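Accompanying notes for the structure given below.
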Number of protein chains: 2
Amino acid sequence: MIRINRETDYATAILGIMAEEPEACFSATGLAERRGLPGPVVSKILKQLARGGLLHSQRGAKGGYSLARDADAISIAEVIMAMEGPIALTDCIEGGGDACQFHAHCALSSNWSRINDAIYRALQDVSIKEMSAPLADDHQGLRDMGRHVRESLDVAGGRVMAFRSDHG
Amino acid sequence: MIRINRETDYATAILGIMAEEPEACFSATGLAERRGLPGPVVSKILKQLARGGLLHSQRGAKGGYSLARDADAISIAEVIMAMEGPIALTDCIEGGGDACQFHAHCALSSNWSRINDAIYRALQDVSIKEMSAPLADDHQGLRDMGRHVRESLDVAGGRVMAFRSDHG
DNA sequence: CTTAAATGGGACCAATTTGGTACTGTTTGA
DNA sequence: TCAAACAGTACCAAATTGGTCCCATTTAAG
């Protein structure tokens, strides 16, 4: 069903907390408690994110994890890639063609590749900071944060739209 | 790794063949031979696509499957939905919020929902007819078929980009 | 110097999902 | 009547996923 796995989902939730205090240093157990998730799971996720360069880690007592970059400079695409590897809908794309057993079908991979690019950019276009923003009463926050993606979609749908001029 | 499963990939390959002769009626075994895939697998896929309303089936001798609509009116999104159910990156989206165990995280689902929409539209924007089109010498076919998606991406990226001229 | 708190890196396991097969029934044209 | 073809479903092996556990290493604090 084209979905990210649960750990990646947890990862965005955890990063959402961290994005609220970008300078702070968080321990795995502390984050686990705040999210109501099992400690070992959170720990595993944080290690993976650190390996992917999204988090900086400090070992030892009083150690923990902190964002390696600004919260709005870490995209969902990066989170997914850190947790699950390259974003690729089909083996053809990731394997570079070798993974595809039949030539005729490989001709199709160009299109898969395009679709893949579209998905990648949609994911690249939302930061963890935007993901963590709570719902405002007038929902304006959400309107703004999703605008970029929505506008791109409006074009895809063949409708007229305005270019964005801020945040990004 | 955010990917469609193999059967769905096969489905697009099979529909690619059918899109070349939109009026023809194909048997499961015939299609299996043309693609070099196991007969039962192809049969299973075709049944599923028929159940999803993408194919019309004719039982009995001389029966088979034919496209239920024009090849350019069947999108990749529909193929994926027929094969794998709703397109949803997270359980939150598909379950309508009930599937999400913690409230704070649910606030994030609005954004997942937007990302999901973006992906859905990218998939909705490419038809099986476009997927099946072979590479022309001047690659014009590819240019045309990916245009909508690429334009949306160009905007999303906020920069002008050159069209790619091959499929690397 | 010792200890406790913390990350780093795996190994490991149960449960689910996926990929594929097999079988039985139903329809239908020749 | 028969064979070709779809319909449905049960089934199984392999891979993936979700989660736990363990141990080594680092480091601040007493």
Side-chain angles (χ1 to χ4, degrees), chain A residues 1-11 13-14 18 24-33 35-68 80 82-85 88-91 94 99 101, chain B residues 1-11 13-14 18 24-33 35-68 80 82-85 88-91 94 99 101:
Chain A
M1 317 147 194
I2 298 202
R3 57 182 49 192
I4 60 175
N5 56 31
R6 189 129 68 184
E7 281 187 356
T8 305
D9 195 11
Y10 290 167
I14 293 166
M18 300 181 74
C25 189
F26 300 86
S27 73
T29 54
L31 286 168
E33 282 168 12
R35 267 295 178 231
L37 293 174
V41 171
V42 173
S43 177
K44 192 179 181 179
I45 291 169
L46 290 168
K47 285 177 203 170
Q48 191 69 23
L49 293 173
R51 239 174 284 172
L54 273 60
L55 297 179
H56 173 252
S57 69
Q58 176 63 38
R59 298 179 68 159
K62 304 286 176 186
Y65 296 91
S66 52
L67 296 182
I80 292 175
M83 296 298 299
E84 314 186 17
L89 276 189
T90 64
D91 288 325
E94 190 172 12
Q101 39 180 329
Chain B
M1 317 146 194
I2 299 203
R3 57 182 48 192
I4 59 176
N5 56 29
R6 190 129 68 182
E7 281 188 354
T8 306
D9 194 10
Y10 290 168
I14 292 166
M18 300 181 73
C25 189
F26 301 87
S27 73
T29 54
L31 286 168
E33 282 167 13
R35 266 295 178 231
L37 293 173
V41 171
V42 172
S43 176
K44 192 178 180 181
I45 291 170
L46 290 168
K47 285 177 206 171
Q48 191 69 24
L49 293 173
R51 242 174 281 171
L54 273 60
L55 297 180
H56 174 254
S57 68
Q58 176 64 39
R59 298 178 70 159
K62 303 287 176 185
Y65 295 91
S66 52
L67 296 181
I80 293 175
M83 295 299 299
E84 315 187 16
L89 276 189
T90 64
D91 288 327
E94 190 174 13
Q101 40 181 328

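Residue numbering restarts at 1 for every chain, and letters A, B, ... go by the order of the sequence lines. Computed from a predicted model, the values in this text were never measured in an experiment. Because only heavy atoms are used, hydrogens play no part in the values below, and waters and symmetry mates are left out as well, while side chains stay in.
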Problem - N/O (side chain, Ser57(A)) to phosphate O (OP1/OP2, dG8(C)) under 4.0 Å - result: yes

Exercise for the section: Can you tell me the distance, in whole Å, between the CD1 atom of Ile4(A) and the C1' atom of dT16(D)? Expected result: 16 Å

Problem - Minimum heavy-atom distance between Tyr65(B) and Ala50(B), given as atom pair plus value - result: CE2-CB, 3.9 Å

Practice task
Please state how far atom NE2 in His56(A) lies from atom C1' in dG8(C), giving the value in whole angstrom units.
Solution key: 14 Å

Fill in the blank from the handout: Rounded to the nearest 0.5 angstrom, the CD1-CG distance for Ile14(A) and Leu37(A) is 6.0 Å

Handout entry: Sequence-distant partners of Lys44(B), salt bridge (Lys or Arg N to Asp or Glu O under 4.0 Å), two or more places apart
Key = Glu7(B)

Handout entry: Glu33(B) CD to dA4(D) C1', straight-line distance once rounded to whole Å
Key = 14 Å

Problem - Nucleotide dA4(D), atom C1' - distance to OH of Tyr65(B) in whole Å - result: 13 Å

Practice task
Send over the distance from Asn5(A) CG to dG19(D) C1', rounded to a whole Å.
Solution key: 12 Å

Practice task
Compare side-chain N and O positions of Arg51(B) against OP1 and OP2 of dC6(D) and report whether any pair is under 4.0 Å apart.
Solution key: no

Handout entry: For Pro40(B), all residues meeting side chain to side chain contact (heavy atoms under 4.5 Å, CB included), sequence neighbours excluded
Key = Pro38(B)

Problem - Distance, rounded to the nearest Å, where Met83(A) contributes CE and dT17(D) contributes P - result: 11 Å

Polar atom pairs between nucleotides 13-15 of chain D and protein, under 3.5 Å, N or O only, would you list them?
none

Let me have the donor-acceptor pairs involving side chains of residues 26-33 of chain B, under 3.5 Å, with sequence neighbours excluded, atom names and distances please.
unit_1, atom_1, unit_2, atom_2, d
Ser27(B), OG, Thr29(B), OG1, 3.3
Ser27(B), OG, Gly30(B), N, 3.0

Problem - Phosphate-side-chain proximity, Ser27(B) and dA4(D), N/O vs OP1/OP2 below 4.0 Å - result: no

Handout entry: Criterion side-chain contact (heavy atoms from CB on, under 4.5 Å) on Leu55(B) and Met18(B), from CA distance to verdict
Key = CA-CA 10 Å; Leu55(B) 297 180; Met18(B) 300 181 73; 3.8 Å; yes

Completion exercise
Once base and sugar-phosphate atoms are separated, protein heavy atoms under 4.0 Å mark nucleotides 20-30 of chain C, 5' to 3', with B, S and - as BB---BBBBS-

Fill in the blank from the handout: In short, Ser66(A) meets Ala24(A) closest at the heavy-atom pair CB-O, 3.3 Å

Practice task
Just grab all the salt bridge (charged side-chain N to carboxylate O under 4.0 Å, His left out) pairs involving residues 52-68 of chain A, residues at least two apart or on different chains.
Solution key: none

Practice task
Supply the atom-to-atom distance Ile45(B) CD1 to Arg35(B) CZ, rounded to the nearest 0.5 angstrom.
Solution key: 11.5 Å

Problem - Gap between atoms CZ and C1', on Arg3(B) and dT17(D) respectively (whole Å) - result: 15 Å

Handout entry: Ile45(A) CD1 to dG8(C) P, straight-line distance once rounded to whole Å
Key = 14 Å

Exercise for the section: For Ala50(B), answer base if it contacts any base atom (sugar-phosphate contacts may also be present), sugar-phosphate if it contacts only those atoms, and nothing otherwise; contact means non-hydrogen atoms under 4.0 Å. Expected result: nothing

